[in-house]
2 protein chains.
Amino acid sequence: MSNPRNTKAKQAVLNEIANSSFALSQPELFERVKGTCDRVTVYRVLDRLVTENKIHKIVNIDGTINYAHCASCDESHTHAHDHLHFSCVKCKKIECLEEQLIHVKLPDTYQIKELFLTISGICPSCSLS
Amino acid sequence: MSNPRNTKAKQAVLNEIANSSFALSQPELFERVKGTCDRVTVYRVLDRLVTENKIHKIVNIDGTINYAHCASCDESHTHAHDHLHFSCVKCKKIECLEEQLIHVKLPDTYQIKELFLTISGICPSCSLS
DNA sequence: TTGCAAAACGCAACAATGTTGCAATAAATG
DNA sequence: CATTTATTGCAACATTGTTGCGTTTTGCAA
Ligand SMILES: [Zn+2]
Ligand SMILES: [Zn+2]
Ligand SMILES: [Zn+2]
Ligand SMILES: [Zn+2]
């Protein structure tokens with residue numbers, strides 16, 4: 001793991017994520033790259049891509065885990081993915097939104113590390129139909 | 001379902017949730033009421049309690065689903081559970097916090113329905129040790 | 001180009017969590 | 001107490017994620 005490699009599976013998965021306007025789950029990704037690699041490989045590729053800061057995890061409001069491209073990240077630095085996510089109640093898709101400042105005040109006994117904010121509602125394309 | 005009943009299983013599950021300072025998952029709840037009812041019954045009781053507004057679901061930052069007592073809800077009215085949740089990175093427990101106003105501005109093309117905000121960090125009791 | 005170390009893979013087996021169908025049971029109500 | 005039907009238990013299935021291990025492939029260097 002110290003020297004990550006570029007494999008067909010990795011490229012295929014990353015390609016699907018990068019070209020999607022919304023976050024994708026492991027089952028969705030496996031469906032899209034089917035024939036390229038095994039089911040287990042998708043899990044392992046996803047873990048590696050997260051470690052390498054190429055993608056990040058998003059937990060949807062129903063608990064399903066999705067993966068999105070790190071558009072605003074450059075290569076190697078790590079950063080907190082504390083930007084907003086929008087979860088559509090109609091098409092169930094979840095997407096990353098612009099980062100916004102959120103003000104929260106908690107008692108001093110709580111040590112804050114990260115904020116996870118997901119907004120549910122109807123996305124632009126579902127609003128049209 | 002039009003006329004809900006009070007059963008041993010329902011009371012046992014609700015009791016565990018009501019007396020816990022943090023939210024509990026189905027596996028945790030089943031462990032606590034083991035002997036009282038079947039595994040499947042816990043799932044069904046939880047669904048009913050959510051429908052009846054006695055408890056509400058919380059999705060933790062790792063995607064696990066937990067259930068908490070609706071302290072600030074009265075009996076029959078429905079309301080959005082858009083208060084804050086705090087998720088401890090050490091003990092993994094998630095708890096409800098006071099409701100706070102959160103200001104978010106999105107493009108008009110997004111129709112906002114509900115906000116889900118979870119703060120990760122170290123909880124008071126884990127801060128001591 | 002060839003050889004090598006280890007990163008990555010496929011496959012099978014397992015684990016955890018959640019769902020469904022149906023016959024049997026039990027809670028509420030009069 | 002009898003009736004209605006909400007609720008349960010159980011078995012079977014479905015989905016999602018994990019682990020071990022022998023084999024393949026990648027990156028790099030000789
Ligand atoms: Zn939509
Ligand atoms: Zn994101
Ligand atoms: Zn804690
Ligand atoms: Zn809550």
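Letters A, B, ... are given to chains in the order of the sequence lines, protein chains preceding strands, and every chain is numbered from 1.
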Practice task
To the nearest Å, give me how far apart CG (A/Asn60) and P (D/dT16) are.
Solution key: 14 Å
Fill in the blank from the handout: Rounded to whole Å, the CG-C1' distance (B/Asn66 to C/dT17) equals 13 Å
Exercise for the section: Name the closest nucleotide to the A/Gln26 side chain, picking from D/dT8, D/dG17, C/dG18. Expected result: D/dG17
Could you run down the sub-3.5 Å N/O contacts of the protein with nucleotides 28-30 of chain C?
residue	atom	partner	partner atom	Å
C/dA28	OP1	B/Asn6	N	2.9

Problem - Spacing of A/Phe30 atom CZ relative to D/dG17 atom P, expressed in whole Å - result: 13 Å
Handout entry: Gap between atoms CG and P, on A/Asp62 and C/dT17 respectively (whole Å)
Key = 17 Å
Exercise for the section: Grab the CG-P distance between B/Asp38 and C/dA24 for me, whole Å please. Expected result: 17 Å
Handout entry: Sugar-phosphate only, base, or nothing, as touched by A/Val45 at under 4.0 Å among non-hydrogen atoms
Key = sugar-phosphate
Fill in the blank from the handout: Output for pair (B/Glu31 CD, B/Glu16 CD), nearest 0.5 Å, gives 11.0 Å
Exercise for the section: Answer whether the closest heavy-atom distance between the side chains of A/Lys113 and B/Ile122 falls below 4.5 Å. Expected result: no
Practice task
Find the distance between CG (A/Leu24) and CD1 (A/Ile65) and round it off to the nearest 0.5 Å.
Solution key: 14.0 Å
Completion exercise
One should read off an interatomic distance between A/Phe22 CZ and A/Ser125 OG, to the nearest 0.5 angstrom, of 9.0 Å
Problem - Within residues 8-25 of chain A: residues closer than 4.0 Å to DNA chain D (heavy atoms) - result: none
Completion exercise
Separation between CD1 (A/Ile55) and CG (A/Leu46), nearest 0.5 Å, reads 5.0 Å
Exercise for the section: Scan B/Thr64 against the nucleic acid and name what it touches under 4.0 Å (heavy atoms): base, sugar-phosphate only, or nothing. Expected result: nothing
Exercise for the section: Quick one: pull up OG in B/Ser20 and CD in B/Glu28 and give me the separation to the nearest 0.5 Å. Expected result: 8.0 Å
Exercise for the section: Please tell me if the side chains of A/Val45 and A/Leu49 come closer than 4.5 Å, counting only heavy atoms from C-beta onward. Expected result: yes
Exercise for the section: Could you pick out which residue, A/Arg44 or B/Arg44, lies toward the 5' side of DNA chain C when each is mapped onto its nearest nucleotide? Expected result: A/Arg44
Handout entry: Atom pair distance, as rounded to whole Å: CD1 in B/Ile65 and P in D/dG17
Key = 12 Å
Fill in the blank from the handout: Interatomic distance, CZ@A/Arg32 vs CD1@A/Ile17, rounded to 0.5 Å, equals 10.0 Å
Handout entry: Heavy atoms from other residues, nucleotides or ligands near CG of A/Asp108 exceed 12 (cutoff 6.0 Å)
Key = no
Fill in the blank from the handout: Rounded to whole Å, the CZ-P distance (A/Arg48 to D/dT18) equals 14 Å
Exercise for the section: Would you indicate whether the side-chain heavy atoms of B/Val13 and B/Phe30 approach each other to under 4.5 Å? Expected result: no
Exercise for the section: Grab the CD-P distance between A/Glu52 and C/dA7 for me, whole Å please. Expected result: 12 Å
Exercise for the section: Could you label the plane-to-plane angle of the B/His56 and B/His85 rings as parallel, tilted or perpendicular, counting under 30° as parallel and over 60° as perpendicular? Expected result: parallel
Exercise for the section: Establish whether the base of C/dG18 is bridged to the side chain of B/Arg39 by a donor-acceptor pair shorter than 3.5 Å. Expected result: yes
Exercise for the section: Assign each of A/Thr36 and B/Pro27 to its nearest nucleotide of DNA chain C by heavy atoms, then name whichever residue's nucleotide is nearer the 5' end. Expected result: A/Thr36
Exercise for the section: Please round to 10 degrees the angle between the axis of the first five pairs and the axis of the last five pairs in the helix from C/dT1-D/dA30 to C/dG30-D/dC1. Expected result: 30°
Practice task
Determine, using the 4.5 Å side-chain heavy-atom cutoff (strictly less than), whether B/Ile58 and A/Ile61 are members of one ILVMFWY cluster.
Solution key: no
